[in-house]
Enquirer: 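Quick one: the structure is below, questions incoming.
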Amino acid sequence: MRLGLALGYWGRGPAADHVTLAREAERLGYGSVWTAESWGSDAFTPLTWIAARTSRIRLGTAVAQMAARSPTTTAMHALTLDHLSGGRMMLGLGLSGPQVVEGWYGRPFPASPLTATREYVDVVRQVLRREAPVTLDGRFHSHPYRGADGTGLGKPLKPITHPLRAELPVLLGAEGPKNIAQTVRIADGWLPLYWSPTRPEVYEASLAGLREDFLIAPMARATVCDDVAEGLLPVKAMLGFYIGGMGHAARNFHAGLMARMGYEEEARLIQRLFLEGRREEAVLAVPDAFADEISLVGPRERIAERLELWRNGPVTDLLVLSPDPHTLRVLAELNS
């Protein structure tokens, strides 16, 4: 199991320590560094900045949102950064949810998310392989565009720039069982939002037929500390926000996933409290047990013991979310 560094997205302003952390992770032997986006900083620009200041570590988006760009635009970003970094790029994509897609990007959330994802990946693959002009008679991503409001003059094109790698890895962030199963079929890897090494049965059916080279790269917050309960508070804050606020009461993919992982009543309570404006209570309602099983928190000895659980499963790359160089160093030592 390789280690990766997950940097996430910026908060109020640029994260001053991201390049420093990425360079330290490279020095420690981490295999990859990952950036993200929500509705603020984008995923590709900080990754390019990091690429210019590192030399070996692989560069991934976890995730770039599909609604933010047409699939050809995304492929252009990926092939450009792959060239500039000497073949270190990994493209992680996610569909996001209706609140963000319609509220931030001003686009309709696809009525058939699986079809939209499949078409998006198809177009990206065509660009990167550059075998012929891009064509797709699709429901969401037709190339050329065939809508009634078009001119009808669209011409199939292939990229002027020859991609460095036709098989640049494409990974998908997927939560629902059908979406995960499709990810296994069409992508090179999967970026789970929550992964519990003690509950492999949650994803067992969806992961049937895994290829030997398929990547499973979950993100886990890590903190080396003496007080486990205190160390879990940032995990609970993240869970409270995603489960309570990242979605509608009737359609929240994160809450649904928590429910499938055995915490249905708790997920509904967190949602209700958050939507009522009782955010601190929502965070406190996140069970310590759930926060603990999807993270690595506590003294070095405890983390060493729990890290074995992650290594014994199908995870190929553990993406460590931690702004603490000491924690990154301890995990590198334990995983060596």
Side-chain angles (χ1 to χ4, degrees), residues 1-4 6 34 36 62-63 92-97 113-114 117 171-222 232 235-247 249-271 282 285-298 303 305-321:
M1 185 181 73
R2 295 174 293 262
L3 295 179
W34 303 76
V63 294
L93 301 170
L95 196 58
S96 192
L114 269 70
T117 298
L171 298 88
L172 295 175
E175 294 181 50
K178 292 181 180 179
N179 201 352
I180 297 168
Q182 174 174 268
T183 297
V184 171
R185 294 193 301 272
I186 70 172
D188 301 301
W190 173 42
L191 296 159
L193 182 62
Y194 310 136
W195 178 275
S196 170
T198 62
R199 297 175 189 267
E201 70 280 358
V202 173
Y203 301 117
E204 188 174 9
S206 299
L207 294 176
L210 275 183
R211 301 188 309 276
E212 187 174 339
D213 59 347
F214 189 82
L215 303 176
I216 298 180
M219 191 179 301
R221 182 173 286 274
L232 287 174
V235 185
K236 295 176 66 168
M238 175 272 294
L239 288 168
F241 175 66
Y242 273 78
I243 292 162
M246 290 285 278
R251 194 171 189 183
N252 183 312
F253 302 132
H254 312 298
L257 175 56
M258 183 179 175
R260 289 194 299 276
M261 295 181 76
Y263 296 91
E264 183 171 4
E265 289 186 18
E266 293 88 343
R268 304 310 169 206
L269 174 61
I270 294 164
Q271 267 194 300
V286 176
D288 281 6
F290 180 55
D292 193 31
E293 65 182 89
I294 65 169
S295 61
L296 287 161
V297 173
I303 289 180
E305 181 179 322
R306 297 177 67 80
L307 193 61
E308 283 300 314
L309 298 174
W310 293 78
R311 277 203 291 252
N312 290 336
V315 172
T316 61
D317 297 80
L318 174 59
L319 310 187
V320 179
L321 182 62

Enquirer: Let me check something: any side-chain donor-acceptor pairs from residues 308-316 under 3.5 Å, sequence neighbours excluded? List them with distances.
Expert:
residue: Glu308; atom: OE2; partner: Arg311; partner atom: NE; Å: 3.3
residue: Glu308; atom: OE2; partner: Arg311; partner atom: NH2; Å: 2.1
residue: Arg311; atom: NH1; partner: Leu334; partner atom: O; Å: 3.1
residue: Arg311; atom: NH1; partner: Asn335; partner atom: OD1; Å: 2.9
residue: Asn312; atom: ND2; partner: Glu308; partner atom: O; Å: 3.0
residue: Thr316; atom: OG1; partner: Ile216; partner atom: N; Å: 3.0
residue: Thr316; atom: OG1; partner: Ile216; partner atom: O; Å: 3.2

Enquirer: Tell me every residue that passes side-chain hydrogen bond (donor to acceptor under 3.5 Å, both in side chains) with Tyr203, counting only those two or more places apart in sequence or in another chain.
Expert: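 Here no residue qualifies.
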
Enquirer: Might you point out which heavy atoms bring Gly240 and Val286 nearest each other, and give the distance in Å?
Expert: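 Shortest heavy-atom contact: N-CG2, 3.9 Å.
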
Enquirer: Do Leu172 and Ile186 come within less than 4.5 Å of each other through their side chains, counting heavy atoms only?
Expert: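 Side chain of Leu172 against side chain of Ile186, heavy atoms only: contact under 4.5 Å found.
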
Enquirer: List the atom of Arg306, the atom of Leu296, and the distance in Å for their closest heavy-atom pair.
Expert: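 Distance-wise, the nearest heavy atoms are CB-CD2, 3.9 Å.
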
Enquirer: Does the side chain of Glu266 reach to within under 4.5 Å of the side chain of Phe290, using non-hydrogen atoms?
Expert: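 Of all side-chain heavy-atom pairs linking Phe290 with Glu266, none is under 4.5 Å.
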
Enquirer: Apply side chain to side chain contact (heavy atoms under 4.5 Å, CB included) to Val320 and list each qualifying residue two or more places apart in sequence or on a separate chain.
Expert: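 Only Leu3, Tyr30, Ala222, Leu318, Ser322, Leu328, Leu331 meet the side chain to side chain contact (heavy atoms under 4.5 Å, CB included) criterion with Val320.
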
Enquirer: List in chain and number order the residues that pass side-chain hydrogen bond (donor to acceptor under 3.5 Å, both in side chains) with Gln182, two or more places apart in sequence or in another chain; answer none if no residue qualifies.
Expert: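 Once residues adjacent in sequence are excluded, the partners of Gln182 under the side-chain hydrogen bond (donor to acceptor under 3.5 Å, both in side chains) criterion are Arg118.
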
Enquirer: Report yes if the side chains of Trp190 and Leu207 come closer than 4.5 Å at any heavy-atom pair, otherwise no.
Expert: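 In contact.
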
Enquirer: Would you say that Met258 contacts Pro287 through its side chain, given a criterion of any heavy-atom pair below 4.5 Å between the two side chains?
Expert: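 Yes, at least one pair of side-chain atoms sits under 4.5 Å.
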
Enquirer: With a 4.5 Å cut-off on side-chain heavy atoms, are Ile294 and Leu239 touching?
Expert: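 With C-beta onward as the side chain, the pair touches.
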
Enquirer: If you round to the nearest 0.5 Å, how far is CG of Leu193 from CD of Glu175?
Expert: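 Between atom CD of Glu175 and atom CG of Leu193 there are 5.0 Å.
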
Enquirer: Measure the CG-CZ distance between Leu215 and Arg2 for me, rounded to the nearest 0.5 Å.
Expert: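 Leu215 CG to Arg2 CZ: 6.0 Å, rounded to 0.5 Å.
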
Enquirer: List for me each residue that meets side-chain hydrogen bond (donor to acceptor under 3.5 Å, both in side chains) alongside Asp292, sequence neighbours excluded, and say none if there are none.
Expert: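 Residues passing side-chain hydrogen bond (donor to acceptor under 3.5 Å, both in side chains) with Asp292: Arg302.
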
Enquirer: Applying salt bridge (charged side-chain N to carboxylate O under 4.0 Å, His left out), can you list everything that pairs with Glu293, at least two apart in sequence or on another chain?
Expert: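 Partners of Glu293 by the salt bridge (charged side-chain N to carboxylate O under 4.0 Å, His left out) criterion, ordered by chain and then number, come out as Arg199.
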
Enquirer: Can you tell me how far CG of Leu171 sits from CG of Asp188, rounded to the nearest 0.5 angstrom?
Expert: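 Reported to 0.5 Å precision, the distance equals 6.5 Å.
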
Enquirer: For Ala259 versus Ala267, what's the shortest heavy-atom pair and its separation?
Expert: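 The pair with the smallest heavy-atom distance is N-CB, 4.4 Å.
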
Enquirer: Is any side-chain heavy atom of Leu232 closer than 4.5 Å to one of Arg221?
Expert: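 Contact flag for Arg221/Leu232 side chains = no.
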
Enquirer: If I compare all heavy atoms of Ser206 with all of Pro177, which pair ends up nearest, and what's the gap?
Expert: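 Minimum heavy-atom separation between Ser206 and Pro177: OG-O, 3.0 Å.
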
Enquirer: Compare every heavy atom of Gly189 with every heavy atom of Thr183, then report the nearest pair and how far apart it is.
Expert: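 Minimum heavy-atom separation between Thr183 and Gly189: CG2-O, 3.5 Å.
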
Enquirer: Would you say that Tyr194 contacts Ile243 through its side chain, given a criterion of any heavy-atom pair below 4.5 Å between the two side chains?
Expert: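 Yes, their side chains come closer than 4.5 Å.
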
